[in-house]
Structure formats: structure tokens, C-alpha cells
Number of protein chains: 2
Amino acid sequence: MTAPKTGAETLLIVEDEAQIRKFVRISLEAQGYRVWEARLGEEGLSLCAATPPHLVILDLGLPDVDGLDFIRRLRAWSAIPILVLSVRASETEKIQALDAGANDYVTKPFGIGELMARVRVLLRKEERQAAASALFESPGLRVDLGRREVMVDGAPVSLSRKEFALLALLVASQGQVLTHEQILREVWGSGHQEDTHYLRVLVGHLRQKLGDDPMHPRFILTVQGIGYRLAV
Amino acid sequence: MTAPKTGAETLLIVEDEAQIRKFVRISLEAQGYRVWEARLGEEGLSLCAATPPHLVILDLGLPDVDGLDFIRRLRAWSAIPILVLSVRASETEKIQALDAGANDYVTKPFGIGELMARVRVLLRKEERQAAASALFESPGLRVDLGRREVMVDGAPVSLSRKEFALLALLVASQGQVLTHEQILREVWGSGHQEDTHYLRVLVGHLRQKLGDDPMHPRFILTVQGIGYRLAV
DNA sequence: GATAATTTTTATATAATGTTTATATATTGC
DNA sequence: GCAATATATAAACATTATATAAAAATTATC
């Protein structure tokens with residue numbers, strides 16, 4: 001397809017007009033993003049299911065699927081941010097799209113710089129901490145995010161900074177799978193998305209401190225080829 | 001979505017023009033939000049520190065503090081969503097504000113309906129977890145795409161990356177037939193569209209893990225000469 | 001500034017997955 | 001019924017992913 005920069009964020013453009021697709025694609029790739037394309041809505045939805053991108057840029061005027069349907073069908077199971085592009089400037093349509101689950105709405109013709117800025121906003125990840133509830137409990141494990149306290153079977157466990165960051169991330173995701181990339185970006189910062197071995201070592205340490213057996217883990221579950229998730 | 005919330009969210013308007021302040025305030029209160037006002041930037045910042053609101057609506061043209069400074073100073077310690085209102089439509093300014101940490105940027109004059117919709121988007125975050133775990137169900141099979149969880153007759157089944165990608169694809173197509181080519185392109189990427197035997201092996205594995213008999217399949221149906229589809 | 005704790009490297013064993021080859025079975029068109 | 005084609009699956013092999021140990025480097029703590 002294109003120069004696939006490994007470690008880069010993946011964006012999916014769902015757009016039938018070849019011209020706009022190319023234009024947006026080139027701009028995004030210049031910023032170092034990996035870009036996939038879909039000409040049709042069904043194709044876009046399938047791609048999201050098979051290999052979820054980090055952001056979807058959606059044209060509302062697709063030939064096969066109604067734009068609002070697309071948003072609703074994706075939102076039925078996924079929280080991937082959606083940025084809508086549209087020629088129609090009607091306020092009603094904007095409101096409908098946003099309420100259906102779109103995260104932003106840009107009207108054509110648009111400035112490419114603004115589009116890029118809005119993409120950056122949607123990929124920014126400061127939102128997670130806001131949603132984090134203070135206390136997590138599951139059989140045997142108890143994590144107090146506010147106090148930075150961890151207990152396993154009633155006994156306190158002291159974790160290092162990174163170990164706690166990883167556990168906090170898993171806790172905040174409520175059992176959702178986190179990909180290696182996601183974890184690396186959030187715990188080590190962007191630029192370390194390929195250092196998967198860091199993660200392995202850290203998970204090893206954390207499991208050891210939690211007394212978790214990797215073959216039959218109680219807490220941190222391995223999802224082969226994808227990442228890790230917390231048992232809830 | 002427009003239904004007023006109990007335990008209403010608190011919004012802070014930072015705006016010096018009384019007219020706009022009042023206009024926005026009344027619209028927000030009509031939606032059931034609690035609204036605070038600040039005439040000056042400094043006032044707004046101290047309010048955020050003292051009793052953090054759930055969202056800040058910020059006018060960029062404040063008399064005392066530069067808008068970008070406001071955003072940066074708030075972002076130094078807080079992740080409260082910021083929606084910027086501004087008369088200036090210059091793209092550069094939009095980009096600067098968004099990159100400084102604003103979450104959305106609306107240009108005056110704006111439709112109040114659109115503004116409300118964008119407010120809802122920024123306040124939506126908590127719902128994500130609930131929405132993210134919607135699932136696909138058919139008799140005996142249950143697939144949670146967000147959690148990557150698959151259950152057959154109540155028992156969890158663990159799938160490999162490709163196996164899950166294939167199942168997710170079938171699920172996302174809602175029982176529509178997927179051709180060999182389509183599946184090969186989406187799961188293996190373009191360039192493998194003729195490796196039909198890959199697909200056969202994979203379907204075999206998947207069926208085995210799901211306990212599906214190919215002669216009388218409950219889940220994955222063969223469409224001779226064309227491809228496969230999911231029973232729905 | 002010395003010591004301990006943590007993090008990053010490096011290296012290696014093991015397990016899981018993916019690909020290929022081969023072969024058996026079923027389906028379709030004639 | 002008999003080729004021709006399409007499908008299923010078994011098993012060997014190659015590749016990739018995972019876990020973990022132990023070193024070197026860095027950072028924190030007293």
C-alpha cells in the first residue's frame with residue numbers, strides 16, 4: 001500500500017471520491033501516520049472490525065451506506081474516534097452526526113492544517129485519567145488509584161513507578177484489551193511503540209509482584225498477538 | 001441525548017461579552033446543565049482550580065489573558081475539556097488553539113444547536129465504557145468485539161489474532177456473504193487474494209475452536225464457489 | 001556520594017501461531 | 001456415474017510471540 005511506518009498511528013479514510021481521498025491521504029502520510037483507505041462504507045466497517053485503526057475519517061456522502069448508519073453501526077461496539085467530513089453544511093445534519101457518535105465534524109472545503117490539528121486532538125490521550133474511578137476491586141486484587149495502593153489477597157504490594165502506571169492503565173480500561181502499542185505509548189510515551197520487549201519485562205515484574213502465574217493468570221491476561229488485559 | 005441529566009454537569013463560560021454569555025448560558029441551562037460564568041481569564045482559571053467544572057467554554061478574545069495562555073495554563077494541570085468560541089476564523093489561530101490543548105473550536109456566528117451538540121460530544125466520555133461492550137449474539141454464539149471475547153454456549157473460547165480477525169469480519173457483515181477475495185484482502189492484506197488455501201485452513205481452525213461441524217455448521221456457513229457467511 | 005532500587009539491554013528457552021504440503025472428502029456440471 | 005472443481009483437515013515446518021533470567025546503565029534515596 002504505502003510506506004508503512006511501524007509504530008505510527010493508523011488512520012482509516014472512508015471516502016468514495018478519489019481526489020479527496022488522495023489529498024487527505026498524502027497530507028496524513030506526510031505527518032507520519034499510517035493510512036488505510038476504504039471506498040465503501042461496508043468495506044470501512046469490516047476493516048474496523050478486522051484491524052481497528054486509531055481514528056476513522058468518514059465522508060458522510062457514501063454511495064452504499066448512509067453516513068449516520070455507519071456511525072451507529074461502528075459505535076455499537078467500538079469507541080474509535082470518528083471525524084466526519086462533509087459538503088453538507090446543514091446544522092441539523094451536523095447535530096445528527098455528532099449525536100450519533102461522531103467526535104468532530106469538518107465541512108468541505110476545509111483547510112488541511114485545521115484538519116490535521118483536529119486529527120491530533122482526537123488522537124490525544126489525556127482523556128483516560130478523567131474516566132478513571134478511584135477504586136478497583138476484583139477477587140484477590142484491590143487497586144486504589146488515588147492512594148497508589150495495591151493489595152493482593154489482603155497483603156499490600158509495593159510497585160515501582162512504571163509497574164504502577166501499567167497496572168493503573170489496565171485498571172482504567174476495565175478489562176478491555178490494550179494493545180502493545182497503546183500501552184507503550186501511554187507508559188513510555190510516543191517513540192517507544194516498538195520496544196515490545198520493555199513491556200514483556202515489565203509485565204513479568206508486575207506479575208511476579210502480584211504473584212500471578214503467566215500460564216494460569218488470575219489478574220493480567222495475555223492476548224496473543226495483541227496485548228494484555230485485566231481480568232474483571 | 002438531549003434529555004437533561006440528573007446530577008447535572010457543570011459548565012464554565014469564560015467570556016467578556018455579556019450578550020453572548022447570556023445567550024449561551026440560557027441555551028445550556030435549558031438543556032439542564034449547571035452554568036458558571038467568568039468575565040475574565042484569571043477569574044476563570046481560579047474557578048477551575050477551586051471547583052473544577054466538567055467543561056470550559058472559552059472565548060479567545062478576553063481582555064486580560066491571551067486565549068492561548070489560558071489554554072496552556074489550564075492544561076498544565078488539568079484535563080478538563082475546553083471548547084473555544086471565537087470570531088477570528090484564521091486557520092493558524094485555530095490550529096494553535098487546538099494544539100495548545102483545546103478540544104474543539106467553534107467560529108462565531110455559530111448555530112446554537114451545533115454548539116450544544118459539540119458540548120454533548122465533549123461530555124460524552126463516561127458513556128464510552130458502557131457503549132464499548134455492546135455485543136453480537138446469536139443462539140450459542142456471543143462475540144464482544146470491544147473486549148475481543150468469544151463465548152460458545154456460555155464457555156469462553158480463546159482465538160488467535162487471525163482467527164479473531166476473521167470472526168470479527170463475519171460478525172461485522174451481519175450475515176452477508178463475504179467472498180474469498182474480500183476476506184483474504186481484509187485479513188491478510190492485499191497481495192494474498194489468491195491464497196485461498198490459507199483461508200480454508202483458517203476457517204478449519206476457527207470452526208474447530210467454535211465446535212462447529214462443517215457438514216452441518218451452526219455458525220460459519222460455506223457458500224460454495226463464493227465464500228463464507230455467518231448464521232444470524 | 002554511596003547504596004539500593006529501578007529501568008534498560010542483552011540473551012535465550014519455550015510456546016503459540018502461521019504457512020506450506022499433501023491428501024481425503026464433498027459438490028457440481030455434464 | 002464420472003470427471004472436474006471446490007472444500008476440509010492433518011501434519012510437518014517455519015516464523016513469530018512470549019516469558020524470564022541476568023547483565024549493565026540509570027535513577028532515586030538516604
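Within every chain, numbering begins at 1; the chains are lettered A, B, ... in the order of the sequence lines, protein sequences first and strands thereafter.
- Contacts of A/His192 with the nucleic acid, taken as non-hydrogen atoms under 4.0 Å apart, are absent.
- Here A/His197 pairs with A/Asp195 under the side-chain contact (heavy atoms from CB on, under 4.5 Å) rule; sequence neighbours left out.
- Residues A/Leu123 and A/Tyr33 are in side-chain contact: their nearest non-hydrogen atoms beyond the backbone lie under 4.5 Å apart.
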Atom pairs and distances, donor-acceptor, side-chain atoms in residues 200-207 of chain A, under 3.5 Å, two or more places apart:
from: A/Arg207; atom 1: NE; to: A/Ile220; atom 2: O; distance (Å): 3.4
from: A/Arg207; atom 1: NH2; to: A/Ile220; atom 2: O; distance (Å): 2.8
from: A/Arg207; atom 1: NH2; to: A/Thr222; atom 2: OG1; distance (Å): 2.7

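- For DNA chain D, the outermost nucleotides in 5' to 3' order that have an atom under 4.0 Å from a heavy atom of chain A are D/dA17 to D/dA28.
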In sequence, state the C-alpha distance, the side-chain angles, and the governing distance for B/Glu9 and B/Arg120, and then conclude on salt bridge (Lys or Arg N to Asp or Glu O under 4.0 Å). CA-CA 10 Å; B/Glu9 276 118 335; B/Arg120 285 194 291 276; over 6 Å; no
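- The CZ atom of B/Arg200 sits 16 Å away from the C1' atom of C/dT19 (whole-angstrom rounding).
- Relative ring orientation between A/Phe23 and A/Phe110 is described as parallel, the plane-to-plane angle staying below 30° on a 0-90° scale split at 30° and 60°.
- A/Arg21 and A/Glu17 are not joined by a salt bridge, as no carboxylate oxygen comes within less than 4.0 angstrom of a charged side-chain nitrogen.
- Rounded to a whole Å, the CG atom of A/Asp195 is 13 Å from the C1' atom of C/dT10.
- Taking a 4.0 Å limit (strictly below) on heavy-atom distances, residues 215-225 of chain A reaches DNA chain D at A/Thr222, A/Val223, A/Gln224, A/Gly225.
- Closest non-hydrogen pair, A/Ala100 versus A/Leu68, comes out as CB-CD2, 4.2 Å.
- For C/dT7, the OP1/OP2 oxygens have no side-chain nitrogen or oxygen of A/Trp188 closer than 4.0 Å.
- Residues from residues 160-172 of chain B placing a heavy atom under 4.0 Å of any atom in DNA chain D, listed by number, are B/Arg161.
- Proximity of A/Arg118 to B/Tyr105: side-chain heavy atoms (C-beta onward) are separated by under 4.5 Å at one or more points.
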Starting from the C-alpha separation in whole Å, work towards a yes-or-no answer on side chain to side chain contact (heavy atoms under 4.5 Å, CB included) for B/Val150 and B/Leu210. CA-CA 9 Å; B/Val150 179; B/Leu210 300 180; 4.1 Å; yes
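- Under the side chain to side chain donor-acceptor pair (under 3.5 Å) criterion, B/Arg218 pairs with B/Asp153, sequence neighbours left out.
- Here A/Val201 lies in heavy-atom contact (under 4.0 Å) with a base.
- Electrostatic pairing of A/Lys22 and A/Glu15 does not count as a salt bridge here, judged by no charged N lying under 4.0 Å from a carboxylate O.
- Rounded to an integer number of Å, the gap from B/Leu159 CG to C/dA16 C1' is 14 Å.
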